[in-house]
J.: 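Mind looking over this structure? Questions follow.
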Amino acid sequence: MKSLVVEKGGALSVRDLPMPKIGEHQALVKMLSCGVCAGTDMKIVHGQFKNFGTYPCTLGHEAVGRVIETGAKVKKFKIGDRVMLPYVEETLDGVFPGWGGFSEYAVVGDFEAAALCGLGCETPGFNEGYYAQTIVPDYVSDTDAVMIVTFREVLSAIKRFGFKENETVVIYGCGPVGLCFIKFASLLGAGKIIALDIVEDKLADAARLGADHVLLSGAGSTEKVRELCPGGADHVVDAVGINSLINEAMKLVKYNGQICVYGIAPQLGMELDWSQAPYNWNVHFVQWPSKYEEYLMDNTVLNWIKTGVLVPSDFISDILPFDRILEGFEKTENKQVAKKMVITFD
């Protein structure tokens, strides 16, 4: 099969690798689509993803595929099912797994069948991702289904952060992740949503998806936010991954409020300055969403899509075939992708 591989140092190439093998509790999947994550994928390319250092490696964790073969004990999946989050779990010809969604074939697991095989959460060989490897319903297209990954990740993070109705939420970043925070905060009944970005063109999407106020981030934006919420915000979200935003948020968070760090910064340390913060506040990092918690969000996300209040295509700006994947990553690197880039397979 062909697979996108990144070398240490960041060189990308499409290489021929062996087909993944499946066990009794797994199914083989032919890939349909996979989203480019400007956070995780690009940080792996640049060697900046926390605690990841195994190169060369495959890439891609926002994948959708169709089941073409099942293991003997699999009950959850049948041939022809479209499924979320197929991975390449094994090392192939010396290429380590970086999830591997940009491969022509990958694997999903039936967690109930895994239990029959003696595998559990604490057992080597069990992948927590099995929980979130769910079936895609007919009313979601192959391309749109990619967004379910991000939707479930962000919604599970919001549950961790504890957003409540009528609370004020300030969101830094209006890329695909930031737009998800905006949309979900709106659907969950936030009292006021303020969105900021350094790119003015992104603010129209933020307003359309639920932001009550949109501001160009930069000089004077902190003062404008405080004018909109004089007592401070209940939640200030970093949806980008820029450490300086934590200090910026100190000026905006209310007494007993919370700074929510979701974006993963390449720098893993900073000097905190809480001189302008209230006496009581929290900083809450959610940078590794639990696949089980994402699985618990599946029905909510699918119901929102089915009823039309959540439209996946609103978050997608670019679609390219797999034979142009290197071009897709170059566009992502050069920040020429407004929202989500999706790679499709024949």
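The residues of the chain are indexed from 1 along the displayed sequence.
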J.: Closer than 3.5 angstrom, by distance alone: can the side chain of W304 be matched with the main-chain N or O of V301 as a donor-acceptor pair?
T.: no
J.: Answer yes when R152 and D298 have at least one side-chain N-carboxylate O distance shorter than 4.0 Å, and no when they do not.
T.: yes
J.: Between W99 and F49, how do the two ring planes meet: parallel, tilted or perpendicular, split at 30° and 60°?
T.: perpendicular
J.: What is the minimum heavy-atom distance between A195 and A211, and which atoms define it?
T.: CB-CB, 3.9 Å
J.: Under 4.5 Å between any side-chain heavy atoms of L203 and D197, yes or no?
T.: yes
J.: Under 4.5 Å between side-chain heavy atoms, counting indirect links through other Ile/Leu/Val/Met/Phe/Trp/Tyr residues: same cluster for M84 and V74 or not?
T.: no
J.: Within this structure, what is the CD1-CD distance for the pair I22 and E24, rounded to the nearest 0.5 Å?
T.: 10.0 Å
J.: Could you state the interatomic distance from OG1 (T168) to NZ (K254), rounded to the nearest 0.5 Å?
T.: 7.0 Å
J.: What's the shortest heavy-atom distance between P86 and V108, and which atoms?
T.: CA-CG1, 3.6 Å
J.: Only one of Y130, F126, Y131 passes ring pair (Phe, Tyr, Trp, His ring centres under 6.0 Å) with F111; say which it is.
T.: Y131
J.: When clusters are formed by joining ILVMFWY residues with side-chain heavy atoms under 4.5 Å apart, either directly or through shared neighbours, do L196 and V237 land in the same one?
T.: no
J.: Counting the benzene-type ring for Trp, do Y262 and F161 have ring centres under 6.0 Å apart?
T.: no
J.: Can you tell me how far apart CG (L17) and OH (Y105) are? Round to the nearest 0.5 Å.
T.: 13.5 Å
J.: If you round to the nearest 0.5 Å, how far is CD1 of I319 from OG1 of T143?
T.: 4.5 Å
J.: Taking all atoms of both residues into account, what is the closest heavy-atom pair of S103 and V88, and its distance?
T.: OG-CG2, 3.8 Å
J.: Does either side chain, that of E227 or that of H213, offer a donor lying less than 3.5 Å from an acceptor on the other one?
T.: no
J.: Between the side chains of E112 and K75, is the shortest nitrogen-to-carboxylate-oxygen separation below 4.0 Å, so that they form an ion pair?
T.: no
J.: Look up atom CD in E128 and atom OH in Y295, then write down how far apart they are to the nearest 0.5 Å.
T.: 12.5 Å
J.: Spell out, yes or no, whether V177 and F285 are grouped together once hydrophobic residues are joined by side-chain heavy atoms under 4.5 Å, including indirect joins.
T.: no
J.: In plain terms, say whether E153 and K291 are close enough for a salt bridge, that is, a side-chain N and a carboxylate O under 4.0 Å apart.
T.: yes
J.: Is E223 salt-bridged to R226, going by a charged N under 4.0 Å from an acidic O?
T.: no
J.: Under a 3.5 Å distance rule, please check whether K30 uses its side chain to pair with a backbone N or O of I68 as donor and acceptor.
T.: no
J.: Evaluate the side-chain contact (heavy atoms from CB on, under 4.5 Å) criterion for residues L272 and N247: first the C-alpha distance (whole Å), next the side-chain angles of each, then the deciding distance (0.1 Å), finally the verdict.
T.: CA-CA 6 Å; L272 290 176; N247 279 338; 3.9 Å; yes
J.: On a heavy-atom basis, which atom in D318 and which in A338 lie closest, and how many Å separate them?
T.: OD1-N, 4.1 Å
J.: Is the shortest distance from a Lys or Arg side-chain nitrogen in K73 or D110 to a carboxylate oxygen in the other one below 4.0 Å?
T.: no
J.: In terms of hydrophobic clusters joined by side-chain contacts under 4.5 Å, are V286 and V253 together?
T.: no
J.: Given side-chain contact (heavy atoms from CB on, under 4.5 Å), test V5 with L12 step by step and report yes or no.
T.: CA-CA 6 Å; V5 175; L12 288 168; over 6 Å; no
J.: Restricting to non-hydrogen atoms, name the atom on Q133 and the atom on L85 that form the minimum distance, rounded to 0.1 Å.
T.: NE2-O, 2.7 Å
J.: Would Y172 and L252 count as a side-chain contact (heavy atoms from CB on, under 4.5 Å) here? Give the steps.
T.: CA-CA 12 Å; Y172 280 99; L252 303 178; 3.3 Å; yes
J.: Take atom CD of Q336 as the centre, draw a 6.0 Å sphere, and report whether it contains more than 12 heavy atoms from other residues, nucleotides or ligands.
T.: yes
J.: Would R324 and E327 pass as an ion pair if we require N to O under 4.0 Å?
T.: yes
J.: If you measure only the distance, is there a donor-acceptor pair under 3.5 Å linking the side chains of N280 and Y255?
T.: yes
J.: Are F163 and H235 near enough that their ring centres are under 6.0 Å apart?
T.: yes
J.: Could you tell me whether D81 and R66 make a salt bridge, using a distance below 4.0 angstrom between a side-chain N and a carboxylate O?
T.: no
J.: Side-chain polar contacts of residues 182-194 - donor-acceptor pairs under 3.5 angstrom, sequence neighbours left out - could you list them?
T.:
{"unit_1": "K183", "atom_1": "NZ", "unit_2": "V309", "atom_2": "O", "d": "3.0"}
{"unit_1": "K192", "atom_1": "NZ", "unit_2": "L228", "atom_2": "O", "d": "2.5"}

J.: According to a 4.5 Å side-chain heavy-atom criterion applied to Ile, Leu, Val, Met, Phe, Trp and Tyr, with indirect links allowed, do I246 and F181 form part of one hydrophobic cluster?
T.: no
J.: With side chains defined as the heavy atoms from C-beta onward, is the minimum distance between L320 and V342 less than 4.5 Å?
T.: no
J.: Identify whether the distance between the nearest side-chain nitrogen and carboxylate oxygen of D234 and K164 falls below 4.0 Å.
T.: no
J.: Which atom pair, heavy atoms only, marks the closest approach of V146 to S33?
T.: CG2-OG, 3.3 Å
J.: Determine whether more than 12 heavy atoms belonging to other residues, nucleotides or ligands lie under 6.0 Å from atom OH of Y139.
T.: yes
J.: Are the charged groups of R208 and D205 less than 4.0 angstrom apart, N to O?
T.: yes
